[in-house]
Amino acid sequence: MELAVLIIGAGPAGLATAACLSQRSIPYLIVEREDCSASLWHYRTYNRVKLHLSKEFSSLPYMPHPDGTPTYIPKEEFLKYLDCYAEHFDIKPRRWIVAARDTAAGTEILYAAKFLVVATGENGEGRIPEILGLESFHGEAIHSSTYKSGSSYAGKRVLVVGAGNSGMEIAYDLASHGADTSIVARSPVHIMTKELIRLGMTFIQYIPITIVDLFIMNIADVTFGDLSKYGIVRPRIGPLLLKSKTGRSCVIDVGTAGLIKKGIVKVFKGISKITGNKVQFECGNGCEFDAIVFATGYKSTANLWLKDDKCMLNSDGHPNKGYPNIWKGENGLYFSGFARMGLAGISKDAYNIANDVASVY
């Protein structure tokens with residue numbers, strides 16, 4: 001079957017790209033491996049998750065969030081938005097099995113497209129680091145993508161590995177449900193309130209980013225105090241500049257910082273080895289745990305199915321090109337949702353891809 005544009009993946013990146021193409025009257029087919037759109041949001045997010053950015057920075061192209069939407073959108077509300085988005089633009093993903101092939105009624109269909117959009121995103125598969133002795137751990141060891149709620153961990157000793165947004169929020173959820181909670185925070189991280197980030201993202205439209213960073217960091221100092229004495233170290237550059245340069249997000253605090261300061265959530269620097277249920281930390285201390293939750297991020301799976309004879313992907317399945325041109329490959333190949341810039345970055349990718357296709361279609 002010959003196509004103009006084939007989009008692989010029906011998450012927010014695929015839906016946004018499809019909408020932008022339809023606005024330019026460019027025909028496309030969108031295919032999805034799972035049985036629904038936005039499968040990451042449906043199946044691999046914990047129950048209490050909300051969008052960390054306010055709604056004005058969290059919509060997809062041509063469809064702002066409706067009046068009455070909460071400023072910081074809960075999971076279920078966001079899923080309803082995505083369903084309405086797909087319906088509004090008449091986006092109907094087709095289920096796919098392997099690579100760009102689909103099976104219907106026992107017949108294999110081969111698609112040939114002039115343009116291919118990889119919209120499977122950067123969160124294809126959970127990443128668990130190699131740790132000496134992990135295989136000897138007798139308790140439950142899971143990736144954060146399968147964590148749903150702390151209710152089943154009440155009274156248990158739980159270690160969260162990774163102090164990004166997921167790790168910090170899971171630690172808070174565990175402690176709130178009565179788990180004896182610890183967290184591993186190896187890398188420096190900014191702790192901010194959601195209101196400070198909203199303020200900062202508004203200000204950078206008018207004021208240099210370094211000045212805005214300094215301003216919100218000073219307010220964060222007043223809000224949280226010096227967290228370094230509790231094991232949370234701040235990066236050398238500001239949160240907004242760090243995000244724009246590396247894609248690394250600050251942590252939007254949901255209350256975890258307060259629990260850390262009270263000693264309810266304990267912080268460790270790194271793991272040196274695991275022996276049975278005992279985890280040995282780099283500081284020399286050792287503790288026993290009943291469960292470990294790895295909030296250690298994701299890797300793309302694009303390099304597992306995309307034949308990449310131009311070496312445009314690295315070993316983690318991410319485009320080798322850096323921001324801001326990460327969206328454009330060669331020979332009609334595009335990448336949507338790999339810039340680590342959230343929904344705003346996804347929207348920008350979708351606009352760029354649709355405009356580029358339109359210029360040569």
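On a predicted model such as this, the values are computed, not experimentally measured, just so you know.
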With a 4.5 Å limit on heavy-atom distance, are the side chains of P74 and R48 in contact? no
Is D213 close to P239 at the side-chain level, that is, under 4.5 Å between some pair of heavy atoms? yes
Donor-acceptor pair, distance only, cut-off 3.5 Å: does the side chain of S272 make one with the backbone of Q280? yes
I'd like to know if the side chain of T17 pairs up with that of S336 as donor and acceptor (distance under 3.5 Å, no hydrogens or angles considered). yes
Examine distances only and state if a side-chain atom of T71 and a backbone atom of S54 form a donor-acceptor pair shorter than 3.5 Å. no
Has K148 got more than 12 heavy atoms of other residues, nucleotides or ligands less than 6.0 Å from its NZ? yes
Residues I252, M168; criterion side-chain contact (heavy atoms from CB on, under 4.5 Å); working and verdict: CA-CA 9 Å; I252 306 297; M168 287 291 205; over 6 Å; no
Can any side-chain N or O of K262 pair as donor or acceptor with the backbone N or O of A257 at less than 3.5 Å? no
Consider only side-chain heavy atoms of I, L, V, M, F, W and Y, link residues closer than 4.5 Å, and tell whether V117 and I91 are in one cluster. yes
Close aromatic pair by centroid cut-off 6.0 Å: Y81 and H65: yes
Can you tell whether the side chains of R198 and E56 come within less than 4.0 Å, N to carboxylate O? yes
Ignoring hydrogens and geometry, is there a side-chain-to-backbone donor-acceptor pair from T181 to A179 under 3.5 Å? yes
When the ring planes of Y334 and F115 are compared, do they come out parallel, tilted or perpendicular, using 30° and 60° as the limits? tilted
Enter the distance from L40:CG to Y298:OH here, rounded to the nearest 0.5 Å. 5.5 Å
Any salt bridge between D180 and K266, counting N to O under 4.0 Å? yes
Under 4.5 Å between side-chain heavy atoms, hopping through other hydrophobics if needed: is there a path connecting Y72 to I197? no
Determine, step by step, whether T120 and W305 satisfy the side-chain contact (heavy atoms from CB on, under 4.5 Å) criterion, reporting the C-alpha distance in whole Å, the side-chain angles of both residues, the deciding distance to 0.1 Å, and the verdict. CA-CA 11 Å; T120 50; W305 56 265; 3.9 Å; yes
Between S59 (side chain only) and P64 (backbone N and O only), is there a donor and an acceptor less than 3.5 Å apart? no
Residue from V357, N355, D356 passing side chain to side chain contact (heavy atoms under 4.5 Å, CB included) with S359: D356
Hydrophobic clustering (ILVMFWY, side-chain heavy atoms < 4.5 Å, transitive) - are L6 and L306 grouped together? yes
Of the non-hydrogen atoms in R186 and K269, which two are nearest, and what is the gap between them? CG-O, 2.5 Å
Any ring-ring contact (aromatic ring centres under 6.0 Å, His included) pairs touching residues 248-284, not counting sequence neighbours? F268-F281
More than 12 heavy atoms of other residues, nucleotides or ligands under 6.0 Å from NZ of K348: is that the case? no
Would you mind reporting whether I191 and T223 have side-chain heavy atoms less than 4.5 Å apart? no
For Y153 and I142, which heavy atoms make the closest approach, and how far apart are they? OH-CD1, 3.6 Å
Are there over 12 heavy-atom neighbours, none belonging to Q205, within less than 6.0 Å of that residue's CD? yes
Output for pair (S39 OG, N123 CG), nearest 0.5 Å, gives 10.5 Å
Donor-acceptor contact present, side-chain K75 to main-chain T45, <3.5 Å: yes
Between P12 and I346 the two heavy atoms that sit nearest each other are O-CG2, 3.8 Å
Quick check: does any side chain N or O of S136 sit under 3.5 Å from a backbone N or O of G276, one acting as donor and the other as acceptor? yes
Between I128 and V184, is there shared hydrophobic-cluster membership here, with clusters defined by ILVMFWY side-chain heavy atoms closer than 4.5 Å? yes
Using distance alone, with no hydrogens and no angle criterion, decide if Y111 and R94 have a side-chain donor and acceptor under 3.5 Å apart. yes
List the steps, then state whether side-chain contact (heavy atoms from CB on, under 4.5 Å) holds for R44 with H143. CA-CA 10 Å; R44 293 189 285 158; H143 188 266; over 6 Å; no
Within the 4.5 Å heavy-atom criterion, are P70 and K55 side-chain neighbours or not? no
Gap between atom CG of D253 and atom CG of L196 - 0.5 Å precision: 10.5 Å
Going only through I, L, V, M, F, W and Y residues with side-chain contacts under 4.5 Å, is there a path from Y172 to L227? yes
Closest heavy-atom contact between A171 and I183? CB-CD1, 4.2 Å
Does the distance from a Lys or Arg side-chain N to an Asp or Glu carboxylate O, for E125 and K299, drop under 4.0 Å? yes
Contact between H190 and L242 at the side-chain level, heavy atoms closer than 4.5 Å - yes or no? yes
Kindly state each residue pair satisfying ring-ring contact (aromatic ring centres under 6.0 Å, His included) with at least one member in residues 27-49, sequence neighbours excluded. W41-F78
Run V293 and L159 through side-chain contact (heavy atoms from CB on, under 4.5 Å) and show every step you take. CA-CA 6 Å; V293 180; L159 176 65; over 6 Å; no
Counting C-beta onward and ignoring hydrogens, is there a side-chain heavy-atom pair between Y147 and I170 closer than 4.5 Å? yes
Between V118 and L313, is there a side-chain heavy-atom distance shorter than 4.5 Å? no
Of all heavy-atom pairs between L53 and M201, which one has the smallest distance, and what is that distance? CD2-SD, 3.6 Å
Are the charged groups of D290 and R157 less than 4.0 angstrom apart, N to O? yes
Closest approach of A86 and L15, non-hydrogen atoms and distance? CB-CD2, 4.3 Å
Please report the interatomic distance CD1(I8) to CD1(I30), rounded to the nearest 0.5 Å. 9.0 Å
Is R234 paired with D221 through a side-chain N to carboxylate O contact shorter than 4.0 Å? yes
For the backbone of F289 and the side chain of N277, can you confirm whether one donor and one acceptor N or O come within less than 3.5 Å of each other? yes
Report yes if some heavy atom in the side chain of K278 is under 4.5 Å from a heavy atom in the side chain of C287; otherwise report no. no
Please round to the nearest 0.5 Å and tell me the distance separating atom CG of L29 and atom CD1 of I7. 8.5 Å
Keeping E32 on the side-chain end and A10 on the backbone end, is there a donor-acceptor pair under 3.5 Å? yes
K243-S249 side chain donor-acceptor pair, cut-off 3.5 Å: yes
How long is the span from the OH atom in Y351 to the CZ atom in R24, to the nearest 0.5 Å? 7.5 Å
With a 3.5 Å distance limit and no angle check, can you tell me whether E169 reaches the backbone of D173 through a side-chain donor-acceptor pair? no
